[in-house]
**Student:** 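After the C-alpha cells below, expect a handful of questions from me.
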Amino acid sequence: MTIARLSGRPPRRVKGTTTLNLIELQQSLRERVRSAAAARFGVELEQVPSEVPPRIELGDLAFPVAFEMAKRIKQATGEKRNPRAIAEELRAELESAEGVARVEVAGAGYLNLFYDRARLLAGLSQTAPADAPAGDDARPKRMVEHTSVNPNKAAHIGHLRNSVIGDTFVRILRATGERVEVHNYIDNTGVQVADVVVGFIHLEGMSLAGVRALDASLKEDYPFDYYCWDLYARVGLFYRGGDPDAKEDPERLKLRVETLHALEEGGNPTAELADYVATRVVHCQLDTMARLGIRYDLLPRESEVLHFLWSHAFERMKESGAIHFQTGGKNSGCWVMPMETHEGSDEFEADKVIVRSNGTITYTGKDIAYQLWKLGQVDLNFYFKPFRADADGRAVWTTTSDPAQAAGHAPHFGRGSTVYNVIDARQAYPQEVVKRGVAAVAPQVGENSSVHLSYGMVTLSPAAAEELGLELSAEEKTRPFVEMSGRRGLGVKADDFIDTLEANALREVRERHPDVPLEGQQRSAHSLAVGALRYFLMKWTRNSVIVFDFKEALSTKGEAGPYCQYAAVRANSIFRKLPDGEMETAQRLVAGVAAGESGEAAERVRRVFDGEVGGEIWALVTLAARLPEVLAQAASFAEPSHLAKYTFQLAQAFNFFYNRDENRILEESDAPRRAVLVYVTDFVRRQLTDALATLGIEVPERM
RNA sequence: GCACCCGUAGCUCAGUUGGAUAGAGCGUCUGACUACGAAUCAGAAGGUCGCACGUUCGAGUCGUGCCGGGUGCACCA
C-alpha cells in the first residue's frame with residue numbers, strides 16, 4: 001500500500017529535485033491566501049476553504065474566499081467591497097506561487113487556480129511511503145468491532161453488510177496510517193444460542209456426543225451452520241406450537257429460560273453442548289468471512305465478559321454513581337442507570353435496567369462492561385488463547401476464563417483510544433445508553449470515544465423473498481420490502497450467494513478465456529465475485545436501507561465492482577504489451593520536466609495537456625491524485641461508501657480516457673506524448689488498485 | 001406521546017463539512033467491436049430536490065412548521 005498520509009509529519013521530498021506534492025502545494029497556497037488576506041485587508045481567516053471546480057475548464061483548485069472577506073470587511077469597517085475586486089487583489093499573490101500557471105477570477109468572485117500541469121505531474125503521482133508498521137505501540141489505537149453474528153446459524157447477507165462496512169472501515173483507517181484492532185464479539189451465552197441448544201436437546205434428543213457425531217457426518221454442501229440455520233427456524237416454530245402465526249407458548253418458552261440459565265451458569269452438560277455448538281458455528285462464520293478477505297484480531301466471548309470482567313466493571317459502575325439500586329416502583333430490586341434526557345411516561349420507563357431483580361445482567365450492562373474494557377477503563381485483563389490461524393498464518397485470538405489455557409505471548413489487546421461499533425441502526429438507543437454509561441463511569445474518556453457506526457438493514461424485495469420460497473402475506477406484498485428473519489429461516493445465506501456469484505463469474509471468464517487453465521479461471525471468478533459483492537454492499541451510504549434484489553446484486557455491469565476491476569485489468573494489459581524500459585524512460589522524462597528542465601521535449605510534454613483532449617487527461621490525473629484526500633474523508637466521516645463512489649468515478653474516468661482514439665498508447669508515435677500517456681496510465685492503475693485494495697477487492701489477472 | 005433516520009430523474013441512489021449549469025447506475029431510444037479487452041464507450045430523452053416560510057451575497061445542504069414513509073422507546077439481544 002503506498003498511500004500518502006494526510007496528518008502528522010509532512011510527506012518527504014525527493015532529494016535533489018523540487019518536485020511538488022499536491023498536498024504540500026495546497027497547504028502552501030492556503031497559507032498564501034491567509035497571509036495575503038491579513039496583509040492587504042486586515043482579515044484574519046481561521047480557515048481557508050478550497051474546493052475542486054465543477055469543471056476542469058474552471059481550473060484545478062478554487063478559493064471561494066472573497067465572499068467571506070467582503071462580509072468581514074463590511075462588519076469591521078462598514079465599507080462595502082465587491083468580492084470580485086477582492087479576488088483580483090489576491091490573484092497576483094497566488095499567481096507567483098511555484099507550480100501555479102495562472103489564476104482567474106470567475107463568477108461572482110471565485111479565485112480559480114490552474115496548475116502548471118507538466119511541471120506538477122511528477123509531484124501529483126508521487127505517493128509518500130506507507131506509515132510506520134504496526135508494532136509502534138505508542139500510537140493511539142482505534143478499536144473496531146464488527147460482524148458479531150450470533151453463533152447459532154450461518155451468516156446471511158445482512159450480516160455481510162455489517163462485516164463489509166466494518167472491514168472496509170478498518171482498511172481505510174489503516175490506509176491513513178492508523179493503528180487498528182479488530183474485534184468480533186461472540187455472544188456464546190445468549191438467547192439465540194440457547195434456542196438452537198433447545199433444538200438439539202429437546203427436538204432432536206441429542207447429547208454433546210450426538211451433536212459431535214452429527215457434525216462429523218455432515219457433507220460439504222450442508223455444513224453445520226446450515227444445519228443450525230434450519231434447526232433454529234424449527235425451534236421458532238416449536239415455540240409457536242407449529243403455527244408460524246401463533247403466539248409463543250409460555251410453557252415451551254420455559255425450556256429457553258432453563259437453557260439460558262444453564263449457559264450463563266456454566267460448568268454443566270448443557271453449557272458444554274452450547275460451547276461446542278457456538279464454537280463450531282464461529283468457525284463456519286469465520287470461513288465465510290475469510291472468503292471475502294475479512295479477518296479479526298480478537299474474538300471476545302460473552303462467557304468471559306460474564307464470568308470474569310463483569311464483577312470488576314460492576315464495582316466501577318457502583319463507585320462512580322453511574323447506577324443505583326432501586327428500592328421501589330416499577331424497577332424495584334434492579335440496578336438502574338438514569339436517563340434524564342429521556343422522557344419517562346406510564347408506558348415507557350426512562351431509566352435503563354442494568355441488573356435485573358433476579359440478579360442477571362442485561363445486554364446493555366454487559367456491553368458497558370465490555371466497552372469499558374476496550375477503552376482500558378477496567379483494571380483487569382482477560383486471558384487470551386489462539387482460536388485458529390488465518391489462511392496467511394496469522395493467529396486470531398479469543399478470550400478464555402481458564403488461566404491454564406492462557407498463552408503467555410498474547411498481544412496487548414484492549415486499551416483503545418476510540419471504539420467504533422458497527423451495529424445496525426435499530427440499536428441506536430441502546431448504543432446511546434452504552435455511550436452514556438461509559439462516560440458516566442469514566443468521564444475522562446467521555447462520550448466521544450464511543451462511536452456507533454450505524455447502518456440500515458438489508459431487506460428483501462418481495463420478489464426476492466418469493467424466489468427464496470417464502471409465501472408472503474397480503475400485507476407483506478404491499479410493502480416495498482420484507483425483513484429477513486433468522487427465526488423464520490428467511491434470508492439469503494452468505495455462502496450460497498457467494499457461490500452463485502462465483503459460478504456466474506466463472507461462466508463469463510470461461511467464455512472469454514477458454515485457454516486458461518481452470519485454476520486460473522476460478523481465481524479470477526473468485527476475485528470478481530468478491531468485487532461484485534463487496535462493492536454492492538459498499539456503494540450505499542450507511543444510513544440507507546438496502547432492498548436486496550437478486551438481479552441487481554448479481555449484476556456486473558454499470559456501477560459495480562467488476563466495472564472497476566475491468567478498468568484496472570485493461571490498464572494492466574497495456575503494460576503487458578509495452579516494450580521493456582519504456583516505463584522507465586517515461587519516468588525520467590516526467591521527472592526532468594518536474595525539475596525544471598527546458599527544451600523541446602519539455603515543451604512537447606507541456607502540449608500533451610493542452611486543448612480538450614489534454615484537459616481530459618489532466619482531469620484524470622487530478623482525480624487519481626485525490627485518493628489520499630478521499631481516504632482521509634472516508635475515515636473522518638466514518639463513511640466507507642465515499643471510497644466506493646470515488647473508485648467507481650476513477651474507473652469511469654479511466655475508461656473515458658482509454659476509449660479515446662487519440663489516447664491509444666501502443667499506436668502513439670510521438671515519443672514524448674506516448675511517454676506521458678504511459679506515465680498517466682501507470683499512475684491511474686496504481687491508484688485504482690490501491691483504492692480497490694482498500695475496499696477489499698483484488699484486480700484479477702484477466703476477466 | 002417522545003427520540004432518531006429518510007423524502008432528489010420512470011426505478012435505485014450520490015451530492016465533498018452552505019458555493020458556479022443538481023449528478024451516477026439501471027431502464028428506454030440511437031449508434032460504435034477481424035479489440036492497447038464491448039463485463040466497454042458515444043449520444044438522446046428524463047428533475048418546481050415532499051410542501052411553506054426563514055437565515056445568507058449564495059440553500060438539495062442550515063433553522064422553524066406542516067405532509068408522507070421507516071425505526072426505536074423491555075427486568076429481549
Side-chain angles (χ1 to χ4, degrees), chain A residues 49 51-55 58 62 64 66-68 70-71 83 106-110 112 150 187 190-192 260 330-336 339 341-350 352-364 366-367 424-430 432 454 456-457 480-481 505 508-509 512-513 528 532 539-541 543-547 549 551-552 555-560 562-563 565-567 569-571 573-578 626 629-630 633 636-637 639 641-642 645-646 648-649 652 655-656 658-660 663-668 677 681 702-703:
Chain A
E51 61 185 72
V52 179
R55 293 182 309 282
L58 291 171
F67 309 111
E68 171 71 14
K71 192 197 288 180
Y110 288 93
N112 290 345
N150 274 300
D187 183 2
V191 172
Q192 294 216 19
L260 186 59
K330 210 170 168 182
N331 293 332
S332 184
C334 300
W335 287 88
V336 302
M339 292 290 284
T341 51
H342 231 69
E343 292 277 320
S345 68
D346 293 346
E347 215 176 332
F348 304 113
E349 191 58 52
K352 180 71 201 162
V353 172
I354 301 298
V355 180
R356 303 185 188 102
S357 55
N358 67 3
T360 57
I361 309 146
T362 62
Y363 173 81
T364 309
K366 293 174 209 171
D367 220 16
D424 93 79
R426 287 172 298 184
Q427 295 191 46
Y429 177 67
E432 184 64 24
S454 80
M457 57 188 165
F481 53 77
E508 298 279 337
V509 172
R512 289 171 174 78
H513 305 282
L528 290 164
K539 70 182 199 178
W540 327 78
T541 48
N543 265 334
S544 58
V545 172
I546 299 180
V547 181
D549 178 78
K551 187 163 171 269
E552 195 188 354
S555 171
T556 61
K557 297 187 187 339
E559 195 194 341
Y563 177 96
Q565 292 169 302
Y566 188 53
V569 167
R570 295 211 288 194
S573 81
I574 293 175
F575 284 85
R576 259 202 303 278
K577 295 179 182 175
L578 204 66
R626 228 177 283 157
E629 183 188 323
V630 170
Q633 208 168 67
S636 69
F637 292 171
E639 183 51 272
S641 70
H642 285 164
K645 289 283 176 190
Y646 166 81
F648 175 66
Q649 274 172 24
Q652 227 176 5
N655 278 332
F656 180 64
Y658 177 91
N659 277 292
R660 264 233 186 237
N663 297 337
R664 297 180 77 82
I665 293 172
L666 298 179
E667 291 166 21
E668 180 60 62
L677 295 181
T681 302
R702 51 183 74 75
M703 59 187 279

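Lettering follows sequence order; numbering is per chain, from 1. Quick note: numbers below take in every heavy atom, side chains included, and nothing from hydrogens, waters or symmetry partners.
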**Student:** Does G37(B) have OP1 or OP2 under 4.0 Å away from a side-chain N or O of Ser573(A)?
**Tutor:** yes
**Student:** Relative to the ring of Tyr110(A), is the ring of Phe67(A) parallel (under 30°), tilted (30 to 60°) or perpendicular (over 60°)?
**Tutor:**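 Phe67(A) and Tyr110(A): perpendicular rings.
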**Student:** If the C1' atom of G19(B) is compared with that of G72(B), how far apart are they to the nearest Å?
**Tutor:**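 Looking at atom C1' only, G19(B) and G72(B) are 37 Å apart.
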**Student:** Collect all protein-nucleotide pairs involving nucleotides 38-45 of chain B in which both atoms are nitrogen or oxygen and the distance is under 3.5 Å.
**Tutor:**
unit_1	atom_1	unit_2	atom_2	d
A38(B)	OP2	Arg570(A)	NH1	3.0
A39(B)	OP1	Tyr566(A)	OH	3.1
A39(B)	OP2	Arg512(A)	NE	3.3
A39(B)	OP2	Arg512(A)	NH2	2.6
A39(B)	N7	Arg512(A)	NE	3.0
A39(B)	N7	Arg512(A)	NH2	3.4
A39(B)	N3	Thr556(A)	OG1	3.0
U40(B)	OP1	Gly558(A)	N	3.4
U40(B)	O2'	Arg570(A)	NH2	2.9
U40(B)	O2'	Asn659(A)	ND2	3.1
C41(B)	OP1	Tyr563(A)	OH	2.3
C41(B)	O4'	Asn659(A)	ND2	3.4

**Student:** Base, sugar-phosphate or nothing for Asn663(A)? Non-hydrogen atoms, less than 4.0 Å.
**Tutor:** base
**Student:** Suppose you measure atom P in U64(B) against the same atom in C5(B); what distance do you get, rounded to whole Å?
**Tutor:** 12 Å
**Student:** Roughly how many Å apart are U61(B) and G50(B), using the P atom of each and rounding to a whole number?
**Tutor:**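 That atom pair is separated by 8 Å.
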**Student:** When the C1' atoms of A9(B) and U56(B) are compared, how many Å lie between them, rounded to an integer?
**Tutor:**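 Pairwise C1' distance, U56(B) against A9(B), rounds to 29 Å.
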**Student:** C1' atom, A20(B) versus G54(B): distance in rounded Å?
**Tutor:** 24 Å
**Student:** Looking only at the side chain of Thr362(A) (C-beta and beyond, no hydrogens), which of the listed nucleotides A24(B), A77(B), A20(B) gets closest?
**Tutor:**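 Side chain of Thr362(A) sits closest to A77(B).
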**Student:** On RNA chain B, check which nucleotide each of Pro64(A) and His513(A) is closest to and give me the residue with the more 5' one.
**Tutor:**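 Nearest-nucleotide comparison on RNA chain B picks Pro64(A).
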**Student:** Test your reading of the model: is there a side-chain donor-acceptor pair from Glu51(A) to the backbone of Pro53(A), 3.5 Å cut-off?
**Tutor:** no
**Student:** Have a look at Pro83(A) and say if it touches a base, only the backbone sugar-phosphate, or nothing, with a 4.0 Å heavy-atom cut-off.
**Tutor:** nothing
**Student:** Using a heavy-atom cut-off of under 4.0 Å over every strand shown, decide if Ala567(A) touches base, sugar-phosphate, or nothing.
**Tutor:**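 Since no nucleic acid heavy atom lies under 4.0 Å of Ala567(A), the category is nothing.
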**Student:** Of all the heavy-atom pairs spanning Asp187(A) and Asn150(A), show the shortest one and how long it is.
**Tutor:** OD2-OD1, 3.6 Å
**Student:** Closest to the Asn150(A) side chain: A77(B), G19(B), C13(B)?
**Tutor:**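 When the side chain of Asn150(A) is considered, A77(B) is the closest of A77(B), G19(B), C13(B).
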**Student:** Checking salt bridge (charged side-chain N to carboxylate O under 4.0 Å, His left out) for the pair Lys551(A)/Asp549(A): CA distance, chi angles, key distance, verdict?
**Tutor:** CA-CA 6 Å; Lys551(A) 187 163 171 269; Asp549(A) 178 78; over 6 Å; no
**Student:** Indicate the atoms forming the closest heavy-atom contact of Met703(A) with His513(A), along with that distance.
**Tutor:** O-NE2, 2.8 Å
**Student:** Taking the minimum atom-to-atom distance to the side chain of Asn543(A), which one of C6(B), U71(B), G25(B) wins?
**Tutor:** C6(B)
**Student:** Figure out the CZ/C1' separation between Arg702(A) and A35(B), and round it to whole Å.
**Tutor:**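 Going from CZ in Arg702(A) over to C1' in A35(B) covers 17 Å.
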**Student:** Please report, rounded to the nearest Å, how far the P atom of G37(B) is from the CD1 atom of Ile665(A).
**Tutor:**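 One finds 11 Å between P of G37(B) and CD1 of Ile665(A), rounded.
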**Student:** Do Thr364(A) and Lys352(A) touch side chain to side chain, with heavy atoms closer than 4.5 Å?
**Tutor:** yes
**Student:** Is the side chain of Arg512(A) donor-acceptor paired with the backbone N or O of Glu508(A) at a distance under 3.5 Å, no angle test?
**Tutor:** yes
**Student:** Considering only the C1' atoms, how many Å lie between G25(B) and A39(B), rounded to the nearest integer?
**Tutor:** 15 Å
**Student:** Take the protein atom CD of Gln649(A) and the nucleotide atom P of G15(B), then report the distance between them rounded to whole Å.
**Tutor:**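 In whole Å, G15(B) P lies 11 Å from Gln649(A) CD.
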**Student:** When the distance from CD of Gln427(A) to C1' of C73(B) is rounded to whole Å, what number comes out?
**Tutor:** 14 Å
**Student:** Under the criterion of centre distance below 5.5 Å and interplanar angle below 30°, is Tyr110(A) classified as stacked on the base of A20(B)?
**Tutor:**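 Whether judged by distance or by angle, Tyr110(A) passes, so it stacks on the base of A20(B).
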**Student:** Whole angstrom is fine here: how far is it from CD1 in Ile354(A) over to P in A74(B)?
**Tutor:**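 To the nearest whole Å, that distance equals 13 Å.
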**Student:** Which pair of non-hydrogen atoms, one from Ala66(A) and one from Pro83(A), has the smallest distance, and what is that distance?
**Tutor:** CB-O, 3.3 Å
**Student:** Between His642(A) and G15(B), does any side-chain N or O lie under 4.0 Å from OP1 or OP2?
**Tutor:** yes
**Student:** Starting from P on G69(B), measure out to CZ on Phe481(A) and report it in whole angstrom.
**Tutor:** 13 Å
**Student:** Given U71(B), A20(B), A77(B), which nucleotide is nearest the side-chain atoms of Tyr363(A)?
**Tutor:**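 Closest nucleotide to the Tyr363(A) side chain: A77(B).
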**Student:** Checking Asn112(A) side chain against Leu58(A) main chain: does a donor-acceptor pair fall under 3.5 Å?
**Tutor:**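 Indeed, once roles are kept as given, a pair shorter than 3.5 Å links the two residues.
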**Student:** Find which nucleotide of RNA chain B each of Pro54(A) and Glu639(A) is nearest to by heavy atoms, and output the residue with the more 5' nucleotide.
**Tutor:**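 This one resolves to Glu639(A).
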**Student:** Students often get this wrong, so: under 4.0 angstrom with heavy atoms, is Val52(A) touching a base, only sugar-phosphate, or nothing?
**Tutor:**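 It contacts nothing in the nucleic acid.
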**Student:** Hey, does Arg660(A) reach any base, or is it just sugar-phosphate, or nothing, if we go heavy atoms under 4.0 Å?
**Tutor:**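 Touches nothing.
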**Student:** Which value, in whole Å, describes the distance between the P atoms of nucleotides A22(B) and G46(B)?
**Tutor:**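 Looking at atom P only, A22(B) and G46(B) are 14 Å apart.
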**Student:** Between A20(B), G72(B), G37(B), which nucleotide has the shortest distance from any of its atoms to the side chain of Arg426(A)?
**Tutor:**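 Out of A20(B), G72(B), G37(B), the nucleotide with an atom closest to Arg426(A)'s side chain is G72(B).
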**Student:** Would you find a donor on one side and an acceptor on the other, under 3.5 Å apart, between the side chain of Asp367(A) and the backbone of Tyr363(A)?
**Tutor:**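 No, the answer is negative, given that no donor and acceptor are paired below the 3.5 Å cut-off.
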**Student:** Has Ser454(A) got a side-chain atom pairing as donor or acceptor with Asp424(A)'s backbone, closer than 3.5 angstrom?
**Tutor:**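 Here the side-chain-to-backbone pair does not exist.
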**Student:** Taking only the C1' atom of each, what is the distance from C51(B) to C13(B) in whole angstrom?
**Tutor:**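 Those two atoms are separated by 23 Å.
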**Student:** Taking all atoms of both residues into account, what is the closest heavy-atom pair of Asn358(A) and Thr360(A), and its distance?
**Tutor:**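 For Asn358(A) and Thr360(A), the tightest heavy-atom pair comes out as OD1-OG1, 2.6 Å.
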**Student:** Quick one: is G37(B) close enough that its OP1 or OP2 comes under 4.0 Å of any side-chain N or O from Lys577(A)?
**Tutor:**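 Looking at the OP1 and OP2 atoms of G37(B), one of them is under 4.0 Å from a side-chain N or O of Lys577(A).
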**Student:** Taking atom P of U21(B) as reference, at what distance in whole Å does atom CG of Asn112(A) sit?
**Tutor:** 13 Å
**Student:** Please classify the nucleic acid contact of Ser544(A) as base, sugar-phosphate, or nothing, using heavy-atom distances under 4.0 Å.
**Tutor:** sugar-phosphate
**Student:** Quick one: label Arg576(A) by what it contacts on the DNA or RNA (base, sugar-phosphate, nothing), any heavy atom closer than 4.0 Å.
**Tutor:** nothing
**Student:** If the cut-off is 4.0 Å, is Asn331(A) near the phosphate of C75(B), judged by side-chain N/O to OP1 or OP2?
**Tutor:** yes
**Student:** Give the rounded distance in Å between these two atoms: NZ of Lys330(A) and C1' of C73(B).
**Tutor:**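 These atoms are roughly 11 Å apart.
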**Student:** Which dot-bracket notation, 5' to 3', represents the base pairing of RNA chain B when pairs are defined as Watson-Crick or G-U with both distances under 3.5 Å, crossing pairs as [ ], and inter-strand pairs as |?
**Tutor:** (((((.(..((((.....[...)))).(((((.......))))).....(((((..]....)))))).)))))....
**Student:** Can you give me the closest heavy-atom contact between Pro562(A) and Ala532(A), atom names plus distance?
**Tutor:**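 Between these two residues, the closest heavy atoms are CD-CA, 3.7 Å.
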